[in-house]
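To start, the structure itself, in structure tokens.
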Amino acid sequence: MGETTARSLRADAERSVRAILEAAERVLAEDPAASMEQVAAAAGVARTTIHRRFANRQALVEALASSAARQLAQAVDDGRPDTAPPLVAMHRITANVLQVKSAWAFALGLPAVPGSEADVIQQEIGRACTAVLRRAQADKLIDPSADLDWVRRVYYALIGESLHGDADGADPDTLAARIIDTLLHGAGPRA
């Protein structure tokens, strides 16, 4: 009975933290200066609950950034960057990343604090991205002389523009196809 109660309390605490982080994303996206009390109200928890989970506003923002970065890393991993054919991996990863980035735009738009969990995760994501691009280069999808760091930065910019521009209501798969096509073929005429 004690173990079941402890598990139930942990599950309740996890749900509470998840609700707080989701509310923080919504509230801070609308008003980056919003207070912890505003976040607590949006999460439907008592002010004391949010203060018990997060020592201060900065701790809440750091937890939000880390949580969003972990979700982004999971989106990349779900695309099977090491095992799927490079073009398939690039498409899956892009569609997954678009979904996460659109849901967590505020948190993922924060500059990562050097050495923080979010920063470490973002660096790992960058390495995974470069590895997929290297595999695409080996498959002759990318020019052998292309600077893969530059290609990665252009890829990130295309994702960012897709999220900030008018996507005509396109779903993540359609946007991913546009991004990958633009990355690999540019805007020039087809041969």
Euclidean distance, Ser162 OG relative to Arg178 CZ, rounded to 0.5 Å: 8.0 Å
Closest contact, heavy atoms only, Val132 versus Pro81: CG2-CB, 3.4 Å
Non-hydrogen atoms of Ile121 and Ala69 that approach each other most closely: CG2-O, 3.3 Å
Could you pull out every donor-acceptor pair under 3.5 Å between side chains of residues 59-67 and any protein atom, sequence neighbours left out?
| from | atom 1 | to | atom 2 | distance (Å) |
| --- | --- | --- | --- | --- |
| Glu62 | OE2 | Gln58 | NE2 | 3.1 |
| Ser66 | OG | Glu62 | O | 3.1 |
| Ser66 | OG | Glu117 | OE1 | 3.3 |
| Ser67 | OG | Gln71 | NE2 | 3.4 |

Row check, Phe54 ring normal vs Arg57 NZ/CZ: under 6.0 Å, within 45°: no
Over 12 non-hydrogen atoms of neighbours within 6.0 angstrom of CZ in Arg70: yes
Non-hydrogen side-chain atoms of Val100 and Gln74 separated by less than 4.5 Å: no
Single-linkage hydrophobic cluster, 4.5 Å side-chain cutoff, Val120 and Val76 together: no
Point-to-point distance, once rounded to the nearest 0.5 Å, from CG of Leu175 to NE2 of His91: 10.0 Å
Non-hydrogen atoms of Ala75 and Val97 that approach each other most closely: CB-N, 4.2 Å
Beyond-backbone contact of Val154 with Thr182, side-chain heavy atoms, under 4.5 angstrom: no
side-chain contact (heavy atoms from CB on, under 4.5 Å) between Leu87 and Leu184, intermediate numbers included: CA-CA 10 Å; Leu87 191 57; Leu184 297 180; 3.7 Å; yes
Inter-residue atom distance Arg92.CZ - Asp77.CG, 0.5 Å rounding: 13.0 Å
Side chain to side chain, Ile180 and Tyr155, heavy atoms closer than 4.5 Å: yes
Main-chain N/O of Pro114 paired with Asp119 side-chain donor or acceptor, under 3.5 Å: no
Return all side-chain donor-acceptor pairs below 3.5 angstrom for residues 37-48, not counting sequence neighbours, or 'none' if the list is empty.
| from | atom 1 | to | atom 2 | distance (Å) |
| --- | --- | --- | --- | --- |
| Glu37 | OE2 | His51 | NE2 | 3.3 |
| Gln38 | OE1 | Ser35 | N | 2.6 |
| Gln38 | OE1 | Ser35 | OG | 3.4 |

Closest heavy-atom pair and its distance - Val151, Ala146: CG2-CB, 4.1 Å
Shortest non-hydrogen contact from Glu25 toward Ala105: OE2-N, 3.2 Å
Side-chain heavy atoms of Ile179 within contact of Leu98, under 4.5 Å: yes
Under 3.5 Å: donor-acceptor pair, side chain of His164, backbone of Gly160: yes
Atom pair CG (Leu133) and CG (Leu141), whose distance is rounded to the nearest 0.5 Å: 10.0 Å
Residue pair Glu22 / Trp104, side-chain heavy-atom distance below 4.5 Å: yes
Shortest non-hydrogen separation from Gly126 to Tyr156 and the atoms involved: CA-OH, 3.3 Å
Main-chain N/O of Ala112 paired with Gln122 side-chain donor or acceptor, under 3.5 Å: no
Main-chain N/O of Met90 paired with Thr94 side-chain donor or acceptor, under 3.5 Å: yes
Contact list for residues 134-143, test side chain to side chain donor-acceptor pair (under 3.5 Å), sequence neighbours left out: Asp143-Ser145
Salt-bridge present (Arg152, Asp149; N to O < 4.0 Å): yes
From Ile20 atom CD1 to Arg52 atom CZ, the distance as rounded to the nearest 0.5 Å: 9.0 Å
Spacing of Ile93 atom CD1 and Ile159 atom CD1 [to the nearest 0.5 Å]: 9.5 Å
